[in-house]
J.: 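Here you go, one structure.
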Amino acid sequence: MTTVATTVEINYRKAIARALADALATDERVVFLGEDVGAAGGAFKATEGLKERFGDRVRDTPIAEQAIVGTAIGAALMGLRPVAEIMFADFAGVCFDQIVNSLAKYRYTTGGQVSVPVTIRMANGAGAGFGPQHSQQAENWFLNVPGLKIVVPGTVEDLYGLLRSAIRDDDPVLVFEHKNLFGVKGRLPAEPDDAYLVPLGVASVVRPGTDITIVAAQQMRHRALAAAAQLEGDGISAEVIDPRTLVPFDLDTVAESLGRTSRLLVVQEGPPDGGWGATLVARVAAEHFELLDAAPALLAGDRTPVPYATPLEDAWLPDAARIRAEAARIVRY
Amino acid sequence: MTTVATTVEINYRKAIARALADALATDERVVFLGEDVGAAGGAFKATEGLKERFGDRVRDTPIAEQAIVGTAIGAALMGLRPVAEIMFADFAGVCFDQIVNSLAKYRYTTGGQVSVPVTIRMANGAGAGFGPQHSQQAENWFLNVPGLKIVVPGTVEDLYGLLRSAIRDDDPVLVFEHKNLFGVKGRLPAEPDDAYLVPLGVASVVRPGTDITIVAAQQMRHRALAAAAQLEGDGISAEVIDPRTLVPFDLDTVAESLGRTSRLLVVQEGPPDGGWGATLVARVAAEHFELLDAAPALLAGDRTPVPYATPLEDAWLPDAARIRAEAARIVRY
Amino acid sequence: MTDELLDLLRRMHEIRFFEDTVKDWFTRALVRGSTHLYQGQEAVAVGVCAALRPGDTTTCTYRGHGTVLAQGAPLDRAFGEILGKANGLCRGKGGSMHLTDLSVGALGSFAIVGAHLPISAGAAWAAQLLGTGAVSVTFFGDGAANIGTFHETLNMASTWKLPVLFVIENNLYGEYSPIASTTANPVLIDRAPGYGMPGVRVDGNDVIAVRDTAREAVARARAGAGPTLIEAMTYRQLGHSRSDPAKYRPAGELESWLARDPITIAEQWLRSLGVSDADLDKLRDDAAATVRDAADRAMSWPDPDPAERFEDVLA
Amino acid sequence: MTDELLDLLRRMHEIRFFEDTVKDWFTRALVRGSTHLYQGQEAVAVGVCAALRPGDTTTCTYRGHGTVLAQGAPLDRAFGEILGKANGLCRGKGGSMHLTDLSVGALGSFAIVGAHLPISAGAAWAAQLLGTGAVSVTFFGDGAANIGTFHETLNMASTWKLPVLFVIENNLYGEYSPIASTTANPVLIDRAPGYGMPGVRVDGNDVIAVRDTAREAVARARAGAGPTLIEAMTYRQLGHSRSDPAKYRPAGELESWLARDPITIAEQWLRSLGVSDADLDKLRDDAAATVRDAADRAMSWPDPDPAERFEDVLA
Ligand SMILES: Cc1ncc(C[n+]2csc(CCOP(=O)(O)OP(=O)(O)O)c2C)c(N)n1
Ligand SMILES: Cc1ncc(C[n+]2csc(CCOP(=O)(O)OP(=O)(O)O)c2C)c(N)n1
Ligand SMILES: [Mg+2]
Ligand SMILES: [Mg+2]
């Protein structure tokens, strides 16, 4: 990534509006629709200024997620590159059929007559006290559905770079923006700059280490880094990998790391079964068994919905202390 | 299971109607609703005679899956035990929100004020030429959602016993009836007989063996058994386990088997990522690593939607030959 | 008549003070997450619930404090839930958006727009099958009238002649969207004929008018004549949620609605029935005190033990 | 006029013979899975498509062979898809329920009831934004009018004044359910006012009436006046799908509709315009021959190679 361009500090929330603005400004085929995304600037105030600047290409919709996603698909078939916002990722349940049966399968079912460049943005994740129906890790609902790409940016730079790459991509991409990271800060170029695009399907080694490989995304990536710092004090060198994209998953980067560390800890927000963490552990066990000197581990949320009360939700989410302890256990295995 | 009672031969399709009839006859709180389930006897003719016999307790609905599931939930809150039919499991996408956000979470969100004994039946699976939107393994969409139980009967006896147990259970249960097994035959008691109930959460060792453990459900269970018979000719003794229930999963039975075989092959219909097969492989690797003498393997459908044309769909589904070859490879590992 | 109306006014006061307290807690960050307040809409919940009898049930939205209280849920345990206390209505697992009290027939507050409509239809179906004569009421917003479950549920409930009331709390806005910007025909009762059911618009700030409209619909439902669509015209005096300053309102709109505050209107009724200002003030002050005591009690309760999070998933 | 009508009749003949061939294949188990035939409803698709111009688009249901052909998809590749051939419209990946030909504007046949309505709305949105003047048409059944996407899409399309036609193929049944058993008010155009859009009922077996109704709606859409709900009254002459004997029909119903077969009605029109029986017979026989040749061609094509299943998932 070039660093010549002058950069500005910006938070995750504003980086969303920035990425959308740059996408709308650099490609007139890009359009954006969702509930209160225009006049109101978004329920999370993450899309402010877009309506004023891009007019009709930014549309407020009724509360009708099935219509929102279906409309995006139809517009994409006609050559546009729609970005649809589903406010909270939990609401993907309401338009699950459109995403899974229409969007993901359209290209295949028609024998490749057309591709469907739809990007769907949604706010996922727990930790902010929104309760069971507004805190889910819906990214795990779509793993078994071929035809979708899924990204989970954990930093300002990845949010900007992946969202813009998603909009440029010819395939459907689900972009999960973690609602508990909206305040995280980072730096972006002052002007639109393609050098800041982050390719889909490429993990990032965010901390090098030699004793254990910790794979974690979004909120858990930050907690894993905190744990890694503590582990250093324990004399354990942890490598932290942020997959950034869940589908297609960059298994090579993880395998390459395991070649050095021989130990794997996957930290996943959300219940363990059927999630990307279990999928990764299974693939490593099946495809790279001989790299492992210890049982691979998955540290995840509990097998319960996300509770509301602070002490319950805090306990539900893996924290740095539990990541540190689990990593230490594995290294001592 | 007692075998004193006289039994009759019956196929999987008719066993569905039989289980529903016995449930309706033995518990007046049981009600049944769905599209064309009454007057027409069901799209698969699997519910014939119920409307005539149970009248108002069997209701034909409009084409409105969200209303169907929501109505079942509301009726359950009032003390009934509704059974809802979602014709093809693929349509669970349309009512995904009701299943995931309302049904699965109601008990938890209300602090356990009430349980929600709703049973949802759906026809899942590939192999019959129904194409991408009518052949999915939707059981894999719900694994990451705590609050649901999931059963996947592969025989007449399990279909009857699990469906009846599901209706008796106080929690929400999703019952997946494999559309490619409707012709499979088995034996049921002539009269309703509780001895034929099959407990939720208990796997069954359907073929004992010593060299490798093959875990497979529904259509794949039958193909795994065929492969196991061939493997015997190859001098390989394969143990075949049918989990029957996916949530809660009977890991103990699998671990107990691995204690003898030390080798695991999971055969799962449907794409591999985010499925129950990957979840099982991950749990075995994490919780029973030392039992494994070879890399565990997952043989699954391709990472594509289910294609329509016979040669494509046949190749998409793992068959006995591939199961046999994969098992042999693992044993020789 | 006077006594009943006094009782309805007391309930409205309690809800108003309850919501003011919650607002204060949220602005003081004593509670996290999100909250959606009911100030200005009290007459809808209180008026409709006045037409119900024990055994009848309701469902409502994330903006549901008022409805659950109108049905008789205890103030302190409702506060406790919002505070995430172990003794909250839902043991602290649901929070502000999920107040539920089955013991009074409040089947719950739902945070997914439209999700609860079929659930009330299901409760009505059970009543129909069991012959209990119970009626279900589902409260939802004008914006929710545009989502799929509205359509599916109204058609099915009407086809089955279910004893259910569909009560639209039309407060003129979705989150921040004026109804006309999202709804082709903003007269929502114009949809009723398509479902073969009666549709009635009522002044949602006049608790008597609401109660009378609901009584008729309830009678119709109990008689087996099926559902009614009620559109109660009201106004959300505060923003959509804690974080919303509601700048999008046209000038003067809020003021004109504040002049028609449901509590003011009920007090006018009572004065016209000869109730003295002193009695009205006492009623208000008693309600304030009741709510304050409940809030203090709830505040004093312990947090749930982290281990409790594993409970209540399955039976 | 006569020439155009002759052309419409030819298309209806081709669709009829096409469907008869598919029926024969399925009964002879030359094809697996499921199929849903269009015999008796030809005038709806042919009449509506006659009002369209190049660039306009359609979506339809699993009962979509007629619509896709009416828009101009090649007979042989449509047959090929149903046979699962490598040269089928969708390379054998979709099958009978998914015939699609974007090159003629047939955006697809959808097997999930209601799923395609918003997709046509999206195509209309693109036309509105790009100023192409194109119009979208979405065909769906009476039963589909009860599912959520119908409601969400009609309201949004009307609010945005999208150039889209919502065409209900009201053939009086869902799969096996008479409309009255699932629909509180079976007059589906009564729902149009709720969405602030015009609703028109038309004789779906009279291709001229359908074409004229569609023309008006298309003109309205192109003029920027927004969507129209068209309810075309027609009849499904065969069962819902291959396996359905349709025993549930009242006696005489089928006969009375067969007497109003859309092809018969079109032929009557043409006779009244002076076309001879001989010419009409020749038209029919030519269509039969065209369809037969296309079927033979498709039959002769190779199956896809199993490795092709990995293609077309992603761009
Ligand atoms: C399915 C779904 N979509 C979107 C939301 C986000 N949301 C919460 S409240 C709201 C506005 C609802 O407006 P209305 O129905 O009028 O109810 P009000 O808030 O005015 O009482 C929206 C869009 C949601 N909770 N669920
Ligand atoms: C969401 C969904 N629910 C149910 C079905 C099963 N199904 C296929 S066709 C059909 C009946 C549709 O009736 P109608 O809309 O009148 O269309 P028609 O078949 O009469 O042309 C049903 C219920 C489906 N495909 N999708
Ligand atoms: Mg509102
Ligand atoms: Mg029909």
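So you know, we letter chains A, B, ... as the sequences are listed, proteins then strands, and number each from 1.
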J.: Please rank B:Pro271, B:Ala286, B:Gly277 by heavy-atom pairs under 4.5 Å with chain A and give me the top one.
T.: B:Pro271
J.: If you check every heavy atom in residues 96-103 of chain B against those of chain A, which residues fall under 4.5 Å?
T.: B:Phe96, B:Asp97, B:Val100, B:Asn101, B:Ser102
J.: I need the residue from A:Pro307, A:Gly147, A:Gly131, A:Gly275 with the largest number of non-hydrogen atom pairs under 4.5 Å to chain B.
T.: A:Pro307
J.: Please state whether the side chain, the backbone, both or neither of B:Val266 comes within less than 4.5 Å of a heavy atom of chain A.
T.: neither
J.: Sort A:Val145 into side chain, backbone, both or neither according to what part of it lies under 4.5 angstrom from a heavy atom of chain B.
T.: side chain
J.: What about the rings of B:Phe289 and A:Phe289, do their centers lie closer together than 6.0 Å?
T.: yes
J.: Is it the backbone or the side chain of B:Gln66 that comes under 4.5 Å from a heavy atom of chain A, or both, or neither?
T.: side chain
J.: Considering non-hydrogen atoms only, spot the tightest contact between B:Ala285 and A:Ala295 and give its length.
T.: O-CB, 3.6 Å
J.: Heavy-atom pairs under 4.5 Å with chain A - which of B:Cys95, B:Ala278, B:Pro305 has more of them than the others?
T.: B:Pro305
J.: Below 4.5 Å, heavy-atom pairs only: which of B:Val94, B:Asn144, B:Leu143 has the largest tally toward chain A?
T.: B:Asn144
J.: Taking the side chain as C-beta and beyond, is there a heavy-atom pair between A:Asp273 and B:Arg283 under 4.5 Å?
T.: yes
J.: State the CG-NZ distance between B:Asp90 and A:Lys105, to the nearest 0.5 angstrom.
T.: 7.5 Å
J.: Could you tell me which of A:Gly270, A:Pro272, A:Ala294 has the largest number of non-hydrogen atom pairs under 4.5 Å with chain B?
T.: A:Ala294
J.: Check whether B:Leu292 gets within reach of chain A through its side chain, its backbone, both or neither, counting any heavy atom under 4.5 Å.
T.: both
J.: For A:Gln136, which atoms come within 4.5 Å of any heavy atom of chain B: side chain, backbone, both, or neither?
T.: side chain
J.: Counting heavy-atom pairs under 4.5 Å to chain A, which of B:Pro296, B:Pro132, B:Ala92 comes out on top?
T.: B:Pro296
